[in-house]
Amino acid sequence: METPGLVVHGEAEPFSTALRSLINNPLYSDVRFVVGQERQEVFAHRCLLACRCNFFQRLLSSEPGPGVPSPVVLSTVPAEAFLVVLEFLYTNSAKLQRHSVTISFPLPLMGTVHTLPHAPANLERNVHQYRKKYGYLSQLCLEFVVKALDVELVCEALQVAVTFGLGQLQERCVAFIEAHSQETLRTRGFLELSAPALLPLLRSDKLCVDEAELVLAARSWARVGAAVLERPVAEVAAPVVRELRLALLAPAELSALEEQNRREPLIPVEQIVEAWKCHALRRGDAARGTPCRRRRGTLPREHHRFLDLPFK
């Protein structure tokens, strides 16, 4: 009977260090990438990428022709994120940092993980296999971002979560903003949110902010969007402004808002009329429902006793 062989294991650290030295190293490189808007050139090794990742296996399956092969262009993937992806593929580990020079590392990295399979149109059918093989890195990045969440980072993380359908991250971001609402509304990240990312915030009953402040924040957000998109403020605000609960404002505040709205249209006139109707009726079904429901941070006003039940 043949004696089974003995498997021996060398030290992992020297092996990992040796492979790390090959990351973005032109030595023995047989594939080049042009990455990001800055078109940074990144060197890699075809066989290593192909055996570690289904996406790269499909992308690099064709044999390079004679001469210098053309680079693979990935213009929508940030270079910092792509290098972290390579580090993980080469060494099975990656160093995640809170911030790079201009953008948080894990955020574009998660974008890379979810975007790369869609780059070549003929690779759509490989999305599931790619994510299955690459999901561990994505999960590590998700855990890192959740631990690193703070007021300055959370809106950027929320935008990535909404863009790439990361439900767990979106829930954590919304919960963080609910607990730190006033500080978050003052950040640049809040002003740069897309309308789909802002919607779950404006729909929340748990925001720790008064409606008057939320209206001001929404106006500032719409002004920034209008300047960037070169569109009217009211047009930019249209997808989200219906979530503002104007009936929570006192009559004097609502009158001031109505006057400002004449100078700078933000809110549809019929929405302001609905708020006045809620004030006028003070009872019955018209004074119930989301437009009249208080948030966690809503300051008390005399007319609130006619509205929905207190927030719990």
Side-chain angles (χ1 to χ4, degrees), residues 9-64 68-101 103-148 160 164 166 169:
H9 297 274
E11 294 184 17
E13 186 174 350
F15 178 76
S16 178
T17 300
L19 287 177
R20 184 172 277 106
S21 70
L22 295 177
I23 299 172
N24 198 16
N25 188 339
L27 184 63
Y28 308 125
S29 170
D30 56 0
V31 60
R32 291 182 301 134
F33 295 89
V34 175
V35 186
Q37 296 180 352
E38 298 79 13
R39 297 184 63 83
Q40 180 176 333
E41 189 175 43
V42 177
F43 298 93
H45 304 81
R46 183 182 300 266
C47 65
L48 197 152
L49 297 184
C51 74
R52 285 280 285 159
C53 176
N54 179 264
F55 166 71
F56 285 115
Q57 183 183 46
R58 299 284 183 173
L59 182 65
L60 305 174
S61 59
S62 60
E63 290 294 329
V68 179
S70 300
V72 178
V73 179
L74 297 173
S75 58
T76 61
V77 180
E80 306 99 315
F82 188 70
L83 288 170
V84 176
V85 171
L86 290 188
E87 182 182 4
F88 188 83
L89 293 179
Y90 275 66
T91 68
N92 209 38
S93 64
K95 184 178 181 181
L96 304 179
Q97 300 183 19
R98 173 62 177 78
H99 288 290
S100 64
V101 176
I103 191 170
S104 305
F105 262 109
L107 301 181
L109 182 54
M110 285 189 292
T112 301
V113 169
H114 287 76
T115 302
L116 276 177
H118 299 274
N122 63 341
L123 292 181
E124 291 289 334
R125 61 184 180 277
N126 298 312
V127 171
H128 176 72
Q129 295 94 320
Y130 175 80
R131 290 185 178 177
K132 182 178 180 181
K133 189 166 187 177
Y134 221 40
Y136 183 60
L137 175 57
S138 181
Q139 184 62 32
L140 290 177
C141 294
L142 175 60
E143 293 173 1
F144 180 88
V145 172
V146 168
K147 291 178 181 178
V160 170
F164 296 105
L166 303 175
L169 179 59

Distance-only check: which donor-acceptor pairs under 3.5 Å involve side-chain atoms of residues 17-29, not counting sequence neighbours?
unit_1	atom_1	unit_2	atom_2	d
Thr17	OG1	Glu13	O	2.9
Arg20	NH2	Thr91	OG1	3.4
Arg20	NH2	Ser93	OG	3.1
Ser21	OG	Ala18	O	2.5
Asn24	OD1	Phe43	N	2.9
Asn25	OD1	Leu27	N	2.9
Asn25	ND2	Ser21	O	3.0
Ser29	OG	Val31	O	3.1
Ser29	OG	Ala44	N	3.3
Ser29	OG	Ala44	O	2.7

**Request:** Apply the side chain to side chain contact (heavy atoms under 4.5 Å, CB included) test between Val42 and each candidate in Val35, Val72, Leu74; give the one that qualifies.
**Result:** Val35

**Request:** Determine, stepwise, if the pair Leu83 / Gln40 fulfils side chain to side chain contact (heavy atoms under 4.5 Å, CB included).
**Result:** CA-CA 11 Å; Leu83 288 170; Gln40 180 176 333; 3.9 Å; yes

**Prompt:** Rounded to the nearest 0.5 Å, what separation is found between the CZ atom of Arg46 and the SG atom of Cys51?
**Reply:** 13.0 Å

**Message:** As an exercise, state the distance from CD of Glu87 to CG of Asn92, rounded to the nearest 0.5 Å.
**Reply:** 11.0 Å

**Intermediate values then yes/no, side chain to side chain contact (heavy atoms under 4.5 Å, CB included), Leu49 and Phe33** = CA-CA 12 Å; Leu49 297 184; Phe33 295 89; 3.8 Å; yes

**Request:** Look at the side chain of Arg39 and the backbone N and O of Val73, then say whether any donor-acceptor pair between them is shorter than 3.5 Å.
**Result:** no

**Request:** Report the residues that fulfil side chain to side chain donor-acceptor pair (under 3.5 Å) with Glu41, sequence neighbours left out, ordered by chain and then residue number.
**Result:** Arg32

**Request:** May I ask you to test the Arg52-Leu48 pair for a side-chain heavy-atom distance under 4.5 Å?
**Result:** yes

